[in-house]
Amino acid sequence: MPIQTYDDEGLRFESPPDWAIEETWDGEVRTVAVQAPDGLGFAVIQTDDSRPDPDEIADAALQAMRDDYPELDSHRVMETINDHAATGHDLEFMTLDMTNAAAIRCFRTPRRTVLVLGQWSDLGGAESSERVRHVVRSVEESE
């Protein structure tokens, strides 16, 4: 799979080269979003230099998803992402008669707390899931 590498201000991750990247800042919080051209997969990476608790941030992201999709199924998970113990949730939910899945992962480094949300639709097939999961697993600090 060809990739593009985002590497800016101490954050690095990989995504497919045809995915659009958008970056916004709000004080100490930076949000970088990448989205597939067909809209069936995306990831949002948020860094917060104030270093809030990863469990609280992951649970808040889950609650935000639950507010939008009250019937979603979720499972708490722990995963290692580039040597960081990440807490989070795996989600499944329906929207517009499509089955969707998402992965929420959050970890803290000495510099910041990093939240990653990846979401994909079953219409995108296994390839969409693999691409989004690759973005999630590739997130790291670069300085």
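Just so you know, these numbers come straight off a predicted model, no measurement behind them. Reckoned from all heavy atoms, side chains included, excluding hydrogens, waters and symmetry mates.
Applying the salt bridge (Lys or Arg N to Asp or Glu O under 4.0 Å) test to pairs two or more places apart or on separate chains, those with a residue in residues 66-89 are Asp55-Arg76, Asp59-Arg76, Glu79-Arg105.
For the pair Ser128 (side chain) and Trp120 (backbone), a donor-acceptor distance under 3.5 Å is absent. Proximity of a side-chain donor or acceptor of Arg51 to a complementary backbone N or O of Thr109 within less than 3.5 Å is detected. A donor-acceptor contact shorter than 3.5 Å links the side chain of Arg30 to the backbone of Glu9. With hydrogens and angles ignored, the 3.5 Å screen pairs no side-chain donor or acceptor of Glu14 with any backbone N or O of Gln4. Checking side-chain atoms of Asn100 against main-chain N and O of Met98 turns up a donor-acceptor pair under 3.5 Å.
In this structure the side chain of Val29 reaches within 4.5 angstrom of the side chain of Gln46, judged on heavy atoms. Contact annotation: the side chain of His84 never approaches that of Val114 to less than 4.5 Å [non-hydrogen atoms, C-beta and beyond]. Residues Glu22 and Val32 fail the side-chain proximity criterion, which asks for heavy atoms closer than 4.5 Å. Using a 4.5 Å heavy-atom threshold, the side chains of Pro54 and Phe107 count as separate. The shortest distance between side-chain heavy atoms of Leu72 and Leu62 falls below 4.5 Å.
Follow the hydrophobic side-chain contacts under 4.5 Å out from Leu117 and you never reach Val136; the two are in separate clusters. Ile81 is connected to Val116 through a chain of hydrophobic side-chain contacts under 4.5 Å among Ile, Leu, Val, Met, Phe, Trp and Tyr, so both are in one cluster. Under the 4.5 Å side-chain heavy-atom criterion for grouping Ile, Leu, Val, Met, Phe, Trp and Tyr, Val139 is connected to Ile21 within one hydrophobic cluster. Both Leu115 and Leu91 belong to a common hydrophobic cluster when Ile, Leu, Val, Met, Phe, Trp and Tyr are linked at side-chain heavy-atom distances under 4.5 angstrom. Under the 4.5 Å side-chain heavy-atom criterion for ILVMFWY residues, a single connected hydrophobic cluster contains both Ile104 and Tyr69.
The minimum heavy-atom distance linking Val135 with Ala43 is given by the pair CG1-CB, 3.7 Å. Across all their heavy atoms, Arg111 and Gly10 have their closest contact at NH1-CA, 4.0 Å. The heavy-atom pair separating Pro37 from Trp19 by the smallest distance is CD-CD1, 3.7 Å.
In this structure, CD on Glu141 lies 10.5 Å from CZ on Arg12, to the nearest 0.5 angstrom. The distance from the CG atom of Leu40 to the CD atom of Glu127 is 11.0 Å, given to the nearest 0.5 Å.
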Full working for side chain to side chain donor-acceptor pair (under 3.5 Å) between Ser142 and Asp7
CA-CA 7 Å; Ser142 60; Asp7 192 351; 2.8 Å; yes

Gln119 and Val132: side chain to side chain contact (heavy atoms under 4.5 Å, CB included), yes or no, with the steps?
CA-CA 7 Å; Gln119 184 175 317; Val132 173; 5.9 Å; no

Let's go through Ile45 and Tyr6 carefully: what are the C-alpha distance in whole Å and the side-chain angles of both, what is the deciding distance for side chain to side chain contact (heavy atoms under 4.5 Å, CB included) to 0.1 Å, and is it a yes or a no?
CA-CA 11 Å; Ile45 300 96; Tyr6 175 95; over 6 Å; no

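Counting heavy atoms of neighbouring residues, nucleotides and ligands inside a 6.0 Å radius, atom CD of Glu92 does not exceed 12 of them.
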